[in-house]
Asks: 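Handing you this structure, nothing more for now.
In this chain, numbering begins with 1 at the start of the sequence shown.
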Amino acid sequence: MSAGVEPTLSEWGTAARVLRLVKPPARNPRQPYLVSLHGLTRVRLIHMSKNKLSGEDLLHLPMHDVEYPPSEKVPSPESVEKFKQSALRLLDRLAKDSVQQTRKEGYNKIANMLDDIADARTPWMADVLIGSVNGEYSDKLAILGTPDAEARLQLATEIFIKQASISEVSKKIATAVDESLSKQQKEFFLRQQLAAIQRELHVLQRSNGALSGTPQAGTPPSNEVGSGGSSELDDDEQHEADDMADLKRKIEAMEPRSEERKMGVREWRRLKRIPAGSVENGVIRSYLEWLTSVPWPNSAQLPTNGPSSSASTVPQLKDRSFLAAARTQLDADHFGLEKIKKRLIEYLAVVRLKELNAERELFRSRSNTAVVPYDKDQAQKATQVAPAKPLARASRRNIKGPILLFVGPPGTGKTSLGQSVAKALNRPFQRISLGGVRDEAEIRGHRRTYVASGPGLIVQALRKAGRSDPVLLLDEIDKIGQSNFHGDPGAALLEVLDPEQNHTFNDHYINVPIDLSQVLFICTANSLETISAPLLDRCEIIQLSGYTYDEKMHIARRFLLPKQLKANGLDASQITITEPALLHIATRYTREAGVRSLERAIGGVVRYKAVEWAEYLDSVAQEGDATLAAAAMTKKYDRVVEEHHLEKILGIARWDGEEREREERRGVVYGLVVMGQGEGGILPVETIALPGTGRLKLTGSLGDVIKESGELALSWVKTYAYDLHITNSRSENPLKVPEPIDIHLHLPAGAQKKDGPSAGVAMTCAFVSLLTGACVPTNIAMTGEITLRGRVTPVGGIKEKVLGAHRAQITKVILPWANRKDVEHDVALEIRREMEFVFVRTVREALEAAFGKGVLAWRRDTMLIESRL
């Protein structure tokens, strides 16, 4: 209340509960009473007198009739958005202007809470902010006298805009005044520092000259950089002192009463007692360097040049454009792979929501704290029984993501997907190659009792990352060594990749529990066969099957060709590969699920043109007229690579011969297979008939299961030989009537092991083609397991097989009926449009789809009567 202004009674007030009344001490009776009030709600005086308040009224506090405001309605989204924008602007300005770090952090926390608050709670937030921000008394009274939520938000928006504008103008004026006043002071201070540095350098040079003496003739001056240069190898005592001081600062920055700090203090005391020249001193020193280099979650952050704190990712996670930016990052790094990107976006959304929920719970727990009278004895007992614990680790530990396992053929982008996730999360990325790791100590670390012991790969990656929440890529997890006398490294990974255990991961060298729950682990593998079942149970498997030709063309244009041009010293204006030539490279010179061979082929074309361009420039330079290079470029140097140039550049097409050999032949059918590296393809099933005794011969490095499929297919053909007009009666054996023959079934590429039940349909069609003489067109491929009843049951690897058939220019695929869902969910739409899919339930339907309707002359179905006597 301003001096000289008579007090008036406002229409609106606040109902409050008296919590505590502190009387003044007897030695100082003039000290005012201290009252603690708890505000409850707004109240309005019904019969308010307009007369000025007198001193007697203030002493007696007369009674007044009041009414309570109605329940607040939810304000409109437009008002809420304007209020949040103005409040965030004001809080940002106040945080920038604050000198105290606590105030700055408080404003930032309020801004974070304001960003996540619900619309129904925004009027309450407006009351809180008006009371917290230093504003005019009339503005606060106006907010108190506005019971309507919509009007109160609008009034608060106007007040915040006014205060932010005033603060910005005041800061600008103060900055201009400070700059003008401090320029002379800054110049004087820098000149004094420069003079002191020059004096110290002069003294140091005189002392070095007195110690070294006059150099002999012919001896070069040692290690001089200018007049006062020095090397980082000099002054070992000073560097040693700095290193020890740095170790001490890092130990002091650890969380009090934590395991790592206790271990660090104990080893530091041992280090100070041991002489500097002993071996044990070096061992303890190395251990302390590793211990202090691990990014402990609750340690105090020392001043560094780079972003070493994981707190920098929290504002990014709260940004509303976080998911859009992550999706843009994934699209920029990879083409296609829509299902993989969808799963990664789901994970990033979960991470963001968990972070927001953790902040909301923290705010709710603080806002619900009850105000109670202070009791010194009770407070001391509570402090002794339950000391305060930091909230950081408890709140951050809730953010746990799945352990992702990318499985697919080589060259499909598994490793680069992990890098894209790290970029989207703004976290450091570290890659750990597990291929050939056969020692458990590589994961858990060596014990300190061994000579030259050290921590494991996990701790080393954390040290390189410098943060407790990096993205760690465990590459080639399927090629890890098996159990031996060194231990089982796969079993050591069980603790690392278990979200319920890895918050207390124990490295044998560090010997202190390390929290890995904030680390995002991404594993890659080419096959799941060599990975143990418990390890697979801890991972969420994501399949990367391969790319279609259309995706390979886009990848080649957007990524591979610019990369090869940059690597070989050319630019886009000096070489042009036509679309037919690029498609010819993808279809004839490469046949793989990934794009590594395609990149090598494009690199060969670019290098060939680089040689031509270099020879052309040399010839022009020899003539002495290098300026005509650009003008004569189109005459002597052909920048366009056509399809007919590829044979001269890359040689004869690798896959051209196989395409020409695909011809319709009796007893030959093409099946669909998945190769060892997860790549799909086609494989001919070849059968011939030769004189014999009615036996079946199977060759081609076949396993037991696929051999049983061949015997099963032949049994079915024998059963239905009469219906297919192969025999004249049901009792005749088609391999012995009219002449005894043997059937030889062979699967090419005999050096490769083959097994599995999915070749049953193809073997059945091959036997029927051999015995009936009908041929299956070469553009048809099939897969499926059969039963003795003639049913076609589902098989796996449908997406890989379909992509392999598409690469081999198969236009019609016969699949089991139960695999229809796999085609609809996993196969791209452009492939489904280019290929015809026939889903069959029985072997008869498969034969009709393979040979064509009406090609096989089936006998009419006859009724079989079973006699029961």
Asks: Is there side-chain contact between Leu434 and Glu476, with at least one heavy-atom pair below 4.5 Å?
Replies: no
Asks: Can you confirm whether more than 12 heavy atoms, excluding those of Arg666, are under 6.0 Å from its CZ atom?
Replies: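 Enclosed.
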Asks: About how many Å separate CG of Leu745 and CG of Leu696, when rounded to the nearest 0.5 Å?
Replies: 6.5 Å
Asks: How close do Pro580 and Glu643 get, counting heavy atoms only, and between which atoms?
Replies: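 Nearest heavy atoms, Pro580 then Glu643: CB-OE1, 3.7 Å.
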Asks: side-chain hydrogen bond (donor to acceptor under 3.5 Å, both in side chains) between Thr772 and His725: does it pass, once the steps are laid out?
Replies: CA-CA 8 Å; Thr772 61; His725 290 277; over 6 Å; no
Asks: When rounded to the nearest 0.5 angstrom, what distance separates CD in Glu800 from CG in Asp826?
Replies: 8.5 Å
Asks: Do you know which two heavy atoms are closest between Leu405 and Ala525, and how far apart they sit?
Replies: CD1-CB, 4.2 Å
Asks: Taking the side chain as every heavy atom from C-beta outward, state whether Ile577 and Leu561 have any atom pair closer than 4.5 Å.
Replies: yes
Asks: For a quick check under 3.5 Å, do Thr783 and Lys801 share a side-chain donor-acceptor pair by atom type?
Replies: yes
Asks: Assess the residue pair Phe521 and Leu474 against the criterion (side chain to side chain contact (heavy atoms under 4.5 Å, CB included)); give the C-alpha distance rounded to whole Å, side-chain angles, the decisive distance to 0.1 Å, and a yes or no.
Replies: CA-CA 7 Å; Phe521 289 99; Leu474 305 181; 4.2 Å; yes
Asks: For the side chain of Lys754 and the backbone of Gln752, is there at least one donor-acceptor N/O pair under 3.5 Å apart?
Replies: yes
Asks: Please check: side-chain N/O of Lys414 versus main-chain N/O of Pro409, any donor-acceptor pairing under 3.5 Å?
Replies: yes
Asks: Quick one: do Leu472 and Ile522 satisfy side chain to side chain contact (heavy atoms under 4.5 Å, CB included)? Show the steps, please.
Replies: CA-CA 6 Å; Leu472 293 189; Ile522 298 179; over 6 Å; no
Asks: State, yes or no, whether a side-chain contact exists between Lys812 and Met835 at a heavy-atom distance under 4.5 Å.
Replies: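 The answer is no, as the side chains (C-beta and beyond) never meet within the 4.5 Å cut-off.
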Asks: Can you tell if the side chain of Gln543 reaches within under 4.5 Å of the side chain of Phe406, non-hydrogen atoms only?
Replies: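 They are not in contact (no side-chain heavy atoms under 4.5 Å apart), so the answer is no.
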Asks: For residues 705-721, which side-chain donor-acceptor pairs fall under 3.5 Å, sequence neighbours excluded?
Replies:
| unit_1 | atom_1 | unit_2 | atom_2 | d |
| --- | --- | --- | --- | --- |
| Ser709 | OG | Val705 | O | 3.2 |
| Ser715 | OG | Glu711 | O | 2.9 |
| Thr719 | OG1 | Ser715 | O | 2.8 |

Asks: What's the separation between atom CZ in Arg844 and atom OG1 in Thr842, rounded to the nearest 0.5 Å?
Replies: 8.0 Å
Asks: Side-chain donor-acceptor pair under 3.5 Å between Glu686 and His746, yes or no?
Replies: no
Asks: For Val668 and Val685, run side chain to side chain contact (heavy atoms under 4.5 Å, CB included): C-alpha distance rounded to whole Å, both residues' side-chain angles, the deciding distance at 0.1 Å, then the answer.
Replies: CA-CA 6 Å; Val668 177; Val685 180; over 6 Å; no
Asks: Would you indicate whether Arg343, at its atom CZ, is surrounded by more than 12 heavy atoms from other residues, nucleotides or ligands within a distance under 6.0 Å?
Replies: yes
Asks: Check the pair Glu848 / Leu856 against side chain to side chain contact (heavy atoms under 4.5 Å, CB included), numbers first and verdict last.
Replies: CA-CA 8 Å; Glu848 195 171 292; Leu856 299 177; over 6 Å; no
Asks: Ion pair present between Arg557 and Glu579, side-chain N to carboxylate O less than 4.0 angstrom?
Replies: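 Salt bridge: yes.
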Asks: Are the side chain of Asp742 and the backbone of Gly694 linked by a donor-acceptor contact shorter than 3.5 Å?
Replies: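 Checked: pair present.
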Asks: Does a donor on one side chain sit under 3.5 Å from an acceptor on the other, for Asp475 and Thr524?
Replies: yes
Asks: I need the minimum non-hydrogen distance between Ile480 and Pro489, along with the two atoms involved.
Replies: CD1-CB, 3.6 Å
Asks: How far does CZ of Arg730 sit from OH of Tyr722, to the nearest 0.5 angstrom?
Replies: 6.5 Å
Asks: For Thr687 and Gly667, work out which heavy atoms get closest and say how close.
Replies: OG1-O, 2.7 Å
Asks: Step by step, work out the salt bridge (Lys or Arg N to Asp or Glu O under 4.0 Å) result for Asp331 and Lys341.
Replies: CA-CA 8 Å; Asp331 291 337; Lys341 294 178 182 177; 2.9 Å; yes
Asks: Strictly by modelled atom types, are Arg639 and Thr576 linked by a side-chain donor-acceptor pair under 3.5 Å?
Replies: yes
Asks: Using only heavy-atom distances, determine whether the side chains of Asn779 and Thr811 contain a donor-acceptor pair under 3.5 Å.
Replies: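 Looking only at side-chain atoms, Thr811 and Asn779 do form a donor-acceptor pair, the distance falling under 3.5 Å.
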Asks: When rounded to the nearest 0.5 angstrom, what is the spacing between OG1 in Thr727 and CG in Asn733?
Replies: 9.0 Å
Asks: Donor-acceptor pair, distance only, cut-off 3.5 Å: does the side chain of Asn819 make one with the backbone of Val795?
Replies: yes
Asks: Surrounding CZ of Arg558 (heavy atoms of other residues, nucleotides or ligands, distance under 6.0 Å), is the total greater than 12?
Replies: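 Buried by this count: over 12 neighbours within 6.0 Å.
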Asks: For the residue pair Lys609 / Asn568, report whether a side-chain donor-acceptor contact shorter than 3.5 Å exists.
Replies: no
Asks: Short question: side chain of His645, backbone of Glu642 - any donor-acceptor pair under 3.5 Å?
Replies: yes
Asks: Report yes if some heavy atom in the side chain of Asp333 is under 4.5 Å from a heavy atom in the side chain of Lys423; otherwise report no.
Replies: yes
Asks: Using modelled atom types only, decide if a donor and an acceptor are shared between the side chain of Tyr670 and the backbone of Ala762 within a distance under 3.5 Å.
Replies: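 Side chain of Tyr670 to backbone of Ala762: no pair is present.
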Asks: With distance as the sole criterion, is a donor-acceptor pair present between the side chains of Glu732 and Asn728 under 3.5 Å?
Replies: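 There is no such pair between these side chains.
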Asks: Give the minimum heavy-atom separation between Ala850 and Cys765, together with the two atoms involved.
Replies: CB-SG, 4.1 Å
Asks: So for atom CD, which belongs to Glu664, do other residues, nucleotides or ligands contribute more than 12 heavy atoms lying within a distance under 6.0 Å?
Replies: yes
Asks: Check whether any side-chain heavy atom of Val827 sits under 4.5 Å from a side-chain heavy atom of His806, and report yes or no.
Replies: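 They are not in side-chain contact.
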Asks: Could you measure the distance from the OG atom of Ser527 to the CD1 atom of Ile477? Nearest 0.5 Å is fine.
Replies: 12.5 Å
Asks: Ignoring hydrogens and geometry, is there a side-chain-to-backbone donor-acceptor pair from Thr412 to Gly408 under 3.5 Å?
Replies: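 Side chain of Thr412 to backbone of Gly408: no pair is present.
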Asks: Is Leu473 close to Thr415 at the side-chain level, that is, under 4.5 Å between some pair of heavy atoms?
Replies: yes
Asks: Can you see which heavy atom on Leu348 is nearest to which on Ala326, and at what distance?
Replies: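 Looks like CD1-CB, 3.4 Å.
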Asks: A side-chain contact here means heavy atoms from C-beta on lying under 4.5 Å apart; do Asp478 and Leu528 qualify?
Replies: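 No, side chains not in contact.
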